[in-house]
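Since the structure comes first, as C-alpha cells, the remarks are kept for the end.
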Protein chains: 2
Amino acid sequence: MPSTELPQQMSARRIDRPVPLRERVYQAMQELIISRQLAPGQHLVESELAEMLGVSRQPIREALQLLNSEGWVDLRPGYGAFVHAPTEAEVDQLLVVRAALEAESARLAALNTDAEGVARLRKLCAQGEAAVASDDIDGMVAANAELHRCVTELSANQVLLDMVSQVDRRVRWYYTPIARHRGHQSWQEHARLIDAIEAGDADAAARTMREHTERTRQSYLEQRRENPEPEVAPVQVRSRRRRTAPGV
Amino acid sequence: MPSTELPQQMSARRIDRPVPLRERVYQAMQELIISRQLAPGQHLVESELAEMLGVSRQPIREALQLLNSEGWVDLRPGYGAFVHAPTEAEVDQLLVVRAALEAESARLAALNTDAEGVARLRKLCAQGEAAVASDDIDGMVAANAELHRCVTELSANQVLLDMVSQVDRRVRWYYTPIARHRGHQSWQEHARLIDAIEAGDADAAARTMREHTERTRQSYLEQRRENPEPEVAPVQVRSRRRRTAPGV
DNA sequence: ACCTCGACTTCTGCATACAGAATACTGTAT
DNA sequence: ATACAGTATTCTGTATGCAGAAGTCGAGGT
C-alpha cells in the first residue's frame, strides 16, 4: 500500500479551514453597510458591534481595519469608526476608475479570447435579455454583474480581477439604490462587446466597454439628479446615537 | 472681541493628531519589507515583531491586517503572517494594471490641463534629465516617481490617485532591486507626454503613457531574465526560523 | 434663557491573559 | 540510522483589563 501517495480524492479542497471570526465579522458588516442598515456617516461603536455580533472587540477592530482599507468605513484616530459617506464627486471618480479598469479587462479578454469563455458570455447575455423581457430587475442586475465579472476573469489577470471586484462592490453600494437598469440598450452593448472579444479585436473591445461603462456613469449622474438621496432607515445598533463626527 | 471667530492662523493644521501605534508599525514594517530586510516568504511572528518594535501584539496585528489587504503580506488563518512572495506572473499582471491606471491618469490630466501643473511637470522632467546627465540613479528614480505622481495628481481624481499610489509602491518593491533606469529615452517619452497634456490631447496623452509604461514593463522583463533573483540578506527577527509555510 | 465650567460616562487604543492548534523536540523501536 | 509516537513548546485567535482622551450632562453664573 503506497502510504505516502496522496489520497485519490485530493480535489476535496480544504474544508476544515478555520474561518476566523474577523472574516465573518467583516462579511457581516459589509453586508450591513451595503444594505444601508448601517447608514453612511453613522458612528460604529466597537462595543455595540461586539455585543450585537456576539464576539469581543478584538475581531471587530480587525474587521474595521479591513473595511477601512477598502473604503467602507473611515477610521479617525481617537474618534473611532464611521461608515464612509461618499461624496458625489467621489462616486463619479470611482466610476471613472471603474471604466478604465473594465476597459482594460475587455482589452485583455479580447487578446486571450477562447471559445469556451465566449460561450459563457453569450449565455449570460441571453439571461440578461430574458430578465429584461420579463422585467426581472434582480435578474438583470445579477446577470450584469456576472457578465462583467466573467469578462474580467477572461482577462486572465488575477491582480486586475481582485481590484475590479473591489471597485465593483463599492460601485454597486453607491449605485444600487437607484439601479433601475438601462434595459435593452445595455444588453445590445454587451453583445457588441462579446463580438469584439470573440474577434480578438482588443481596441474595439476596450472602446466598447469604455463607452458602455461611460453610459452607465451618465445614467447614474442623471438619476442622481432626479432622485438626490434615497435614504433607508438605519438600524439603531443599541441606543440613541452619541458621539458626533469630528469636523473633517 | 469676537470670541467665536476662528483664530487668525487657522492654517496651522492639526499638529496634535495622535499618530496611532498601528500606523507607525505599518510604516515601519512596510519599509522593512520594501528594503528586503524582511524577505519574501518569511514568517512574521507577532510576538517577535512586538518585541522588536517595543509594542504589544495588538498594534502589530492591526498593521498586519492593513499590510495584508494591500498585498504586502499574506495572512493564512491559523498559520500566521508571511511576507508576500510575488510570482513572476503576478508582477507582470501588476505592471499591466499600472499601465492601464497610469494611462487613465494621463488622459484625465490632459482633459484638466492647467499651466501651473504643466510647469511643474517640465521642472521635474528637467530634474530627471539632469540626474541622467550626472548619472545620479537615486535622483532619476526620485524624479521619475514624482513626475508620475504629479501626472496622477493633475488628473484631479483622488480615488485614482490613491489606487495608483498603492500600485506604484508595490511595483517599486518588485522593481527596485534591478532599477537601473532606461535613461534618456525614458525622459524623452516623458517630454512627449507633457506636450500631449499641455495640448489637452487626451488620446495622445493616454497612448504615450501606455507606451511608456509598456516599455518599462518590457525592460523589467528583460532585466529579470538576465538577473533572475537579486536576494538580500534578511534580518533574523529573533532566533532561527521556525514554522514552515503550509502547503499553498 | 444662554454660556461656562466641571464632574461623570463612554469610548478608543494599547496591553495582557488564556485556550487550543500547530510545530518542534525527544526517546524508543525497528 | 530511520521512522514513529508522544510530549513540550510556540504561536495564533480571542477575550478581558486598564489608562487616558472625548463626549455628555447639569449646576451655577451672567
Side-chain angles (χ1 to χ4, degrees), chain A residues 1-4 14-28 42-68 73-83 236-248, chain B residues 1-5 14-26 28 42-68 73-83 236-248:
Chain A
M1 159 181 155
S3 64
T4 56
R14 303 234 166 304
I15 47 173
D16 66 334
R17 188 184 73 142
V19 185
L21 275 189
R22 65 183 127 117
E23 299 250 336
R24 289 194 284 176
V25 171
Y26 166 79
Q27 294 268 347
Q42 182 173 349
H43 180 205
L44 300 175
V45 178
E46 296 172 3
S47 52
E48 297 183 3
L49 293 169
E51 188 184 354
M52 181 168 150
L53 299 175
V55 299
S56 77
R57 280 175 56 211
Q58 172 93 5
I60 298 284
R61 283 179 69 85
E62 296 186 357
L64 286 174
Q65 296 293 331
L66 273 193
L67 291 165
N68 173 58
V73 312
D74 299 323
L75 247 39
R76 309 244 239 308
Y79 297 90
F82 298 80
V83 178
Q236 280 309 339
V237 179
R238 192 167 67 192
S239 55
R240 68 194 174 287
R241 163 168 42 234
R242 300 167 58 99
R243 183 167 294 217
T244 56
V248 182
Chain B
M1 156 182 156
S3 65
T4 58
E5 207 71 22
R14 303 236 165 303
I15 46 173
D16 66 335
R17 186 185 75 143
V19 185
L21 273 191
R22 65 184 126 110
E23 300 248 337
R24 289 194 284 176
V25 171
Y26 166 80
Q42 182 174 350
H43 181 206
L44 300 174
V45 178
E46 295 171 2
S47 52
E48 297 183 4
L49 292 169
E51 187 184 354
M52 181 169 148
L53 298 175
V55 300
S56 77
R57 280 176 56 209
Q58 171 95 5
I60 299 285
R61 283 181 69 86
E62 295 185 357
L64 286 174
Q65 298 292 333
L66 272 194
L67 292 165
N68 174 58
V73 311
D74 300 322
L75 247 38
R76 309 243 238 316
Y79 300 89
F82 299 79
V83 178
Q236 280 307 339
V237 180
R238 191 168 68 194
S239 54
R240 68 194 173 287
R241 162 167 45 232
R242 299 168 57 98
R243 185 166 294 218
T244 56
V248 184

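What you see is a predicted model; the values in this text were computed from it and never measured. Below, chains carry the letters A, B, ... as their sequence lines are ordered, and counting in each starts from 1.
- Glu48(B) places its CD atom 13 Å from the C1' atom of dT12(D), with the value rounded to the nearest Å.
- A donor atom on one side chain and an acceptor atom on the other are found under 3.5 Å apart for Glu62(B) and Gln58(B).
- Between dC11(C), dG13(D), dC14(C), one nucleotide has an atom nearer to the side chain of Leu21(B) than all others, and that is dC14(C).
- Put simply, His43(A) has no side-chain N or O that comes within less than 4.0 Å of OP1 or OP2 on dA22(D).
- One can place CD of Glu46(A) at 14 Å from P of dA15(D), the figure rounded to the nearest angstrom.
- With contacts defined as side-chain heavy-atom distances shorter than 4.5 Å, the pair Leu75(A)/Val73(A) qualifies.
- Of all nucleotides listed (dT23(C), dG23(D), dT14(D)), dT23(C) comes nearest to the side chain of Tyr79(B).
- Going from atom CG of Leu75(A) over to atom P of dT12(C) covers 10 Å, rounded to whole Å.
- Evaluation of the side-chain contact (heavy atoms from CB on, under 4.5 Å) rule for Leu21(A) yields Arg24(A), Val55(A), Pro59(A) as partners, not counting sequence neighbours.
- Atom P of nucleotide dC11(D) and atom CE of Met52(B) are separated by 15 Å, given to the nearest angstrom.
- Nearest heavy atoms, Ala50(B) versus Arg57(B): CB-N, 4.1 Å.
- Contact of the Arg61(A) side chain with the Arg22(A) side chain is not registered, since no non-hydrogen atoms from C-beta on lie closer than 4.5 Å.
- Computed from coordinates, the Glu23(B) CD to dC14(C) C1' distance equals 15 Å when rounded to whole Å.
- Listed by residue number, Arg57(A), Arg61(A) are the residues of residues 54-63 of chain A with a heavy-atom contact under 4.0 Å to DNA chain C.
- Counting heavy atoms from C-beta on, the side chains of Val45(B) and His43(B) come closer than 4.5 Å.
- Comparing dC11(D), dT12(C), dC14(C) by their nearest atom to the side chain of Ser47(B) picks out dC11(D).
- In this entry the distance linking CG of Leu44(B) with P of dT12(D) reads 9 Å, nearest Å.
- Going from atom CG of Leu64(B) over to atom C1' of dC14(C) covers 16 Å, rounded to whole Å.
- Taking the side chain as every heavy atom from C-beta outward, Gln42(A) and Phe82(A) never approach each other to under 4.5 Å.
- Rounded to an integer number of Å, the gap from Glu51(A) CD to dT16(D) C1' is 16 Å.
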